[in-house]
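Notes for the one structure printed next.
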Amino acid sequence: MTALMNNYQPLPISFERGQGCRLWDSEGREYLDALAGVAVTSVGHSHPRIVDAIRDQAGLLLHCSNLYRIDWQARLAQRLTDLAGMARAFFCNSGAEANEAALKLARLHATAKGIRQPLVVVMENSFHGRTFATLSASDSPTCQAGFAPLVEGFVSVPFGDVLALEAVAQRYGQRIAAVLVEPVQGESGVQVAPSGYLKALRQICDAQQWLLMLDEIQTGLCRTGRWFAGQHEGVVPDVMTLAKALGNGVPIGACLATGAAADLFGPGSHGSTFGGNPLACRVACTVLDIMEQENLAANAAHQGRLLLNTLRSALTGHPGVAAVRGHGLMVGIELHQPAPHLAKLAALEHGLLINVARGRTIRLLPPLTLGDDDRAVIVERLMALLQSVG
Ligand SMILES: *Cc1c(COP(=O)(O)O)cnc(C)c1O
């Protein structure tokens, strides 16, 4: 029994410190972090510039509320919108909150168009968060169990299927306000959209006057080898959500918008007490500096390609492995049999942090600073792990 609620099942191990791609537990044992707190610590643990930014800002000002201008917030908005080719930003504290803001924009867009019972198109096997609206937008019976009634106004189609979307347009066209999609579905096992898919979505959304809303919470900020995954296809969405890597562990989320969507919120229509505070925004600006100066998009593309190729050749013909797929430093190894236990003590005994998505896909999301040596260690320890469990 503990005084904690029972919603997590933490492993009996506690990390004390981290450096780059490595972690050490309370007994001093070293681990390779191939998960980065689920795509969060993208510039690595204890990056000296992040440490300095936090220390310095803590001695200046942590919080003053959005009743006053926050210069770091304005700076961060400018940086992000420049990088994304978009117009304006709203800041909050998590991915789910960023998607809540996006879904509110979709409703305001519907209201502006005079739609009475608006719908947002979402994808099968999607994950958008755990708040009521984002849970309702997600496709996970386990996460939704027991929470009925959910928020209404979502219709789902298979991910990657343009024809299915066109069919929904035929059926509900007038009621649809937006399409919400992850460029790569992370939580459901690193499902990469077929090439040309996002571009096709952009065209349909333009033709129908729907908002294209990309959930780049996991794929954004260099993870797939570009600043944002939509950029691989030259797609600029109307709305984009970010979180995970943005603060490298300091909680922050962002909802970017462009075109008419950027002007939908008016004074008082949305807000957050902590959102956009000086500490989080300064750290996020520092994360962007590091990503730019250390060329982390290029490094993620390069290391991701090598990691994927090595794993593909090493695992070809492995009896337990059904598929190896990836995009930049998002890599999934799908197994024939469910093996949720793989991510547990066995992996830690091999000195490796990994995750298993939907029970059967090993998911690797190492820091984007990954170098040749650490990449080799991931492969070595992962192969030993797969060997040990047969
Ligand atoms: C993690 C994640 C979220 C939810 O983010 P939280 O910060 O946990 O609320 C939403 N969408 C995607 C694609 C994610 O990977």
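Ligands are counted one by one from 1 in listed order, and the atoms in each one are counted from 1 as well.
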Worksheet item: For atom 11 (N) of ligand 1, which protein heavy atom lies nearest, and how many Å away is it?
Response: Asp215 OD2, 2.8 Å

Worksheet item: Arg223 and Ser42: side chain to side chain donor-acceptor pair (under 3.5 Å), yes or no, with the steps?
Response: CA-CA 8 Å; Arg223 177 58 56 184; Ser42 275; 3.2 Å; yes

Worksheet item: Hey, does the Lys NZ or Arg CZ of Arg29 hover above the aromatic six-ring of Tyr31, less than 6.0 Å from the centre and inside 45° of the axis?
Response: yes

Response to the item:
At under 4.0 Å between heavy atoms, what of Lys244 touches ligand 1? The answer is side chain

Discussion item. Below the 3.5 angstrom mark, is there an N/O of Glu97, backbone or side chain, next to an N/O of ligand 1?
Written reply: no

Worksheet item: Looking at Ser94, which atoms of ligand 1 are within less than 4.0 Å of one of its heavy atoms?
Response: 7 (O), 9 (O)

Worksheet entry | Aromatic plane relationship, His270 with Phe265 - under 30° parallel, 30 to 60° tilted, over 60° perpendicular | parallel

Worksheet item: Short list, please: which atoms of ligand 1 are under 4.0 Å from a heavy atom of Asn99?
Response: 10 (C), 11 (N)

Worksheet item: With a 4.5 Å heavy-atom cut-off, do Glu292 and Arg79 have their side chains touching?
Response: yes

Discussion item. Would the distance check show the side chain of Thr224 and the main-chain N or O of Gly328 forming a donor-acceptor pair, the cut-off being under 3.5 Å?
Written reply: no

Discussion item. Counting only heavy atoms closer than 4.0 Å, does ligand 1 sit against the backbone of Thr219, its side chain, both, or neither?
Written reply: neither

Fill in: Gly351 backbone acceptor or donor facing Arg381 side chain under 3.5 Å
yes

Worksheet item: Any luck finding a side-chain donor-acceptor pair between Gln117 and Glu152 under 3.5 Å?
Response: no

Fill in: Top protein contact for atom 6 (P) of ligand 1, by heavy-atom distance
Gly95 N, 3.5 Å

Worksheet item: Should the proximity of His128 to ligand 1, defined as any heavy atom under 4.0 Å, be assigned to the side chain, the backbone, both, or neither?
Response: backbone

Worksheet item: Which is it for Ala96 and ligand 1 at heavy atoms under 4.0 Å: side chain, backbone, both or neither?
Response: both

